[in-house]
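When a ligand or atom number is given, it counts from 1 through the structure's own listing order. We're numbering straight along the sequence, starting at 1.
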Amino acid sequence: METVDSARLASNLLTLPTLLGVSLCALVFAIIRSYVSWNARSRGLPLPPGPRPLPLVGSLLNWPKSPQWVAFRDMCAKYGDVLYFDLLGTPTIILGSPSAMLELLDKRAANTSSRSTGPMLLLTGMETNFGSMPYGSCWRLHKRVFWQEFHPGAVRLHLPAQRKASRMFLGKLLKSPSKLRKHVRFTFFAAILKAILGVDVAGDDEALLDVVEAALEWRGEALLPGKYLVSAIPILQYVPPWFPGATVQRLSVYWRSTVARLKEECHRCVEKSNGEDCAGSRMIARMEAEKRPAELAEEVIKNVLHTAIEAGSDTASQMFSTLQSFFLAMSLYPEVQRRAQAELEAVVGTTRLPDFDDIGSLVYVSALIREVLRWHNVAPLGAPHMTVEDAEFRGYFIPAGTNVFPNVACMHDPDIYADPDVFRPERFIHDGKLDFSTAPDPAMFIFGFGRRICPGRYFAENGLFINVAAVLHVFDITPPVDENGRVIKIEPQLTYGSIWCLSCGLSLYYQAPIGTSGGADPRSAIV
Ligand code: HEM
């Protein structure tokens, strides 16, 4: 009897309206709970402003496609210099002014130095590039191993490699100036490989170059925020490659294999260098001296080396794009080029090529390089940092796990740089000295911020200097001319990955060396 009553009671309770009622109560309870917990976390502070998010998809449809830095600049003009987006649950902010960038990414670096480890990182095999690692002991170990070879004192050891690569670059330009893109790639590639692996890239050692290129060619596109749906819906990463439409999973197999091959190649080269003085062998010696377990040491060194190659020689890297922008600027601004050449002739003379000791005396050339970095900033959205704790910033709530992008479009803000689209190195010179009092040093922004600031910057500055100074000293860079000798107007085109780079349809013509007023021809130093 008792059993029948219980069953009847249960069936009465499980009627549809009861079920709906219970579900509704659960939903209301969940909403209230999440509201209360959000309020406790945010302490009632609002999120930063931004385009109005839509239900379910958040700000996904407001996230601009291309060029993002311009779109974000316009949005900042409307909403202020801290913009908020909800990318399917991932909080994302864009910082639109130097003060906001320095305040959040430099001064609050303890909270803003991590990286998001989204599914694309694993799919691309980039999780072993320490530039992508979240902040923590693993990143610190990699960064330390890298920094021991790239801090301002250590980069002096790499000067011979950079000098030699730049001389070879000049030789290649003399022989085949129309292959500019290839030669630009060569100079950074040769310098970094010699510096870290002890490898001499004689002539066109395409084999190693191919391994590097294969590992790098897809990166700009693949890592573009919002490019693949899987970044927004991480569960999609588990779809098997054979599943219809699983393009990214099929690409992933290829991407990962190219990175793995590059790492193996780095390891093989360092082993082959057989203790020769290069960064790789010094890293091994240090790890041995610290008595690190062999397996860990090998993995860390491979990761650091492939990170350095990617950052230092990738065709989509900042070095590559910056040097190309230099050629473009010189062909468009002949008066700037003449002024730099006059300075080189006065300081260096006509019997030798410029060298690193000349940096301090070549004020105009140094300002010119700063202007290239500003004029065509090649990574206007920098690299996103991720916050690790909830924070308050300028009266707004920034949740833990927010991706923070600095929009370095401020390099083209007329309030910061007068006539920002004009190439004018003079903006950085006062009383014959480099002076950033009226126009901030672009290096403050373009190398990133806080603890994640580019650790390769000193090596980068040396590499840019030696190549730019040597090219200016030996060549005249002019726009191309047609068969009737008429100047062809260069229309620079920019391709957009996570990094801007000049798509090099542009070919430049080189004139006789300028060093003609007596003495030995500086070309004798070109190899
Ligand atoms: C013009 C040249 C270069 C520019 C403008 C540049 C800029 C940058 C930027 C913006 C970042 C991200 C910083 C941040 O997250 O705040 C970065 C990171 C990095 N760069 Fe560079 N870079 C250049 C050249 C190089 C070179 C030549 C190397 C290596 C030899 C290098 C190695 C790295 C590494 C390892 C990171 C990751 C740092 C980390 O996340 O801890 N960079 N760089």
Side-chain angles (χ1 to χ4, degrees), residues 69 95 101-102 104-106 109 112-117 121 126-136 138-151 154-155 157-158 161-162 165 184 187-189 191-197 223 279-280 303-314 316-326 369-370 372-386 403-408 411 441-468 498-501:
W69 65 280
L95 301 174
M101 292 168 211
L102 296 173
L104 193 59
L105 299 177
D106 266 0
T112 57
S113 295
S114 201
R115 298 269 197 233
S116 132
T117 49
L121 215 58
M126 292 281 294
E127 76 277 13
T128 56
N129 178 316
F130 80 87
S132 317
M133 289 178 185
Y135 188 73
C138 185
W139 170 79
R140 270 197 299 273
L141 174 60
H142 284 77
K143 163 83 185 285
R144 190 165 66 81
V145 171
F146 181 93
W147 187 239
Q148 281 165 335
E149 285 296 327
F150 287 92
H151 65 74
V155 289
L157 292 173
H158 307 315
Q162 290 181 301
V184 168
T187 182
F188 296 127
F189 185 69
I192 194 86
L193 288 194
K194 181 69 184 161
I196 66 172
L197 304 179
L223 297 174
N303 292 345
V304 168
L305 294 178
H306 95 85
T307 304
I309 291 181
E310 287 175 8
S313 67
D314 181 2
S317 81
Q318 318 247 16
M319 296 295 275
F320 184 85
S321 307
T322 306
L323 196 57
Q324 287 195 91
S325 301
F326 154 74
I369 294 170
R370 292 295 208 283
V372 177
L373 290 166
R374 183 201 69 80
W375 186 61
H376 265 170
N377 177 243
V378 290
L381 285 180
H385 291 213
M386 198 188 75
N403 277 326
V404 184
F405 286 87
N407 188 16
V408 196
M411 304 283 213
D441 184 354
M444 276 173 63
F445 311 114
I446 54 130
F447 289 115
F449 301 90
R451 297 179 191 173
R452 301 308 285 244
I453 191 171
C454 173
R457 60 197 183 279
Y458 301 105
F459 181 82
E461 285 179 345
N462 287 341
L464 289 175
F465 168 78
I466 199 68
N467 284 293
V468 164
S498 55
I499 287 179
W500 283 90
C501 57

Proximity to ligand 1 by part of His385, non-hydrogen separation under 4.0 Å: side chain

Please confirm whether Glu461 approaches ligand 1 to less than 4.0 Å, judged on its heavy atoms. no

Judging by distance only, is a nitrogen or oxygen of Arg115 under 3.5 angstrom from one on ligand 1? yes

Does at least one non-hydrogen atom of Phe150 fall below 4.0 angstrom from an atom of ligand 1? yes

Considering only non-hydrogen protein atoms, determine which one is nearest to atom 35 (C) of ligand 1 and report residue, atom name and distance to 0.1 Å. Phe130 CZ, 3.4 Å

Where the closest heavy atom to atom 11 (C) of ligand 1 is concerned, which of Phe447, Phe445, Phe459, Phe449 has it? Phe447

Taking only heavy atoms of Thr307 into account, list the atoms of ligand 1 that are under 4.0 Å away from them. 35 (C)

Pick, from Ala109, Ala279, Cys454, the option with the minimum heavy-atom distance to atom 17 (C) of ligand 1. Cys454

Angle class for the Phe449/Phe445 ring planes (parallel below 30°, perpendicular above 60°, tilted otherwise)? tilted

What part of Phe188, side chain from CB on, backbone N/CA/C/O, both or neither, has a heavy atom under 4.0 Å from ligand 1? neither

Is any side-chain heavy atom of Gln324 less than 4.5 Å from a side-chain heavy atom of His376? no

Which of the numbered atoms in ligand 1 are below 4.0 angstrom from a heavy atom of Gly131? 37 (C), 39 (C), 40 (O)

Are any of the N/O atoms on Arg452, whether in the backbone or the side chain, positioned under 3.5 angstrom from an N/O atom of ligand 1? yes

Ligand 1 versus Met133: contacting region, heavy-atom distance under 4.0 Å: neither

When the aromatic ring centroids of Tyr135 and His385 are compared, is their separation below 6.0 Å? no

Report yes if some heavy atom in the side chain of Val372 is under 4.5 Å from a heavy atom in the side chain of Trp375; otherwise report no. no

Less than 4.5 Å apart, any side-chain heavy atom of Met133 and any of Asn303? yes

Nearest to atom 12 (C) of ligand 1 by heavy atom, Ser113, Ala311, Pro380, Ala383: which? Ala383

Please state whether the rings of Phe459 and Phe150 are parallel, tilted or perpendicular, taking 30° and 60° as the class boundaries. perpendicular

Name the closest protein heavy atom to atom 24 (C) of ligand 1, giving the residue it belongs to and the distance to 0.1 Å. Ala460 CB, 3.7 Å

With a 3.5 Å distance limit and no angle check, can you tell me whether Asn407 reaches the backbone of Leu381 through a side-chain donor-acceptor pair? no

Please classify the Ile446 to ligand 1 contact at 4.0 Å (heavy-atom distances, strictly less than): side chain, backbone, both or neither. both

Quick one: does Pro134's side chain get under 4.5 Å of Met386's, heavy atoms only? no

Among all protein heavy atoms in this structure, tell me which lies nearest to atom 19 (C) of ligand 1, with the distance rounded to 0.1 Å. Pro455 CD, 3.7 Å

Return the residue, atom name and 0.1 Å-rounded distance of the protein heavy atom closest to atom 29 (C) of ligand 1. Phe146 CZ, 3.8 Å

Which residue holds the protein heavy atom closest to atom 5 (C) of ligand 1, what is that atom called, and what is the gap in Å? Gln318 OE1, 3.4 Å

Sub-3.5 Å N/O-N/O distance, Trp139 and ligand 1: yes

Would you confirm whether His151, through its side chain, and Ala154, through its main-chain N or O, come within 3.5 Å as a donor-acceptor pair? yes

Taking side chain as C-beta onward, heavy atoms only, is Arg451 less than 4.5 Å from Trp139? yes

Test item: Arg115 side-chain N/O and Gly131 main-chain N/O as donor-acceptor pair under 3.5 Å: yes

Under a 3.5 Å threshold, yes or no: a donor from one side chain and an acceptor from the other, between His306 and Thr128? yes

State the atoms of ligand 1, each with its element, that fall below the 4.0 Å cut-off from a heavy-atom position in Met319. 1 (C), 2 (C), 27 (C)

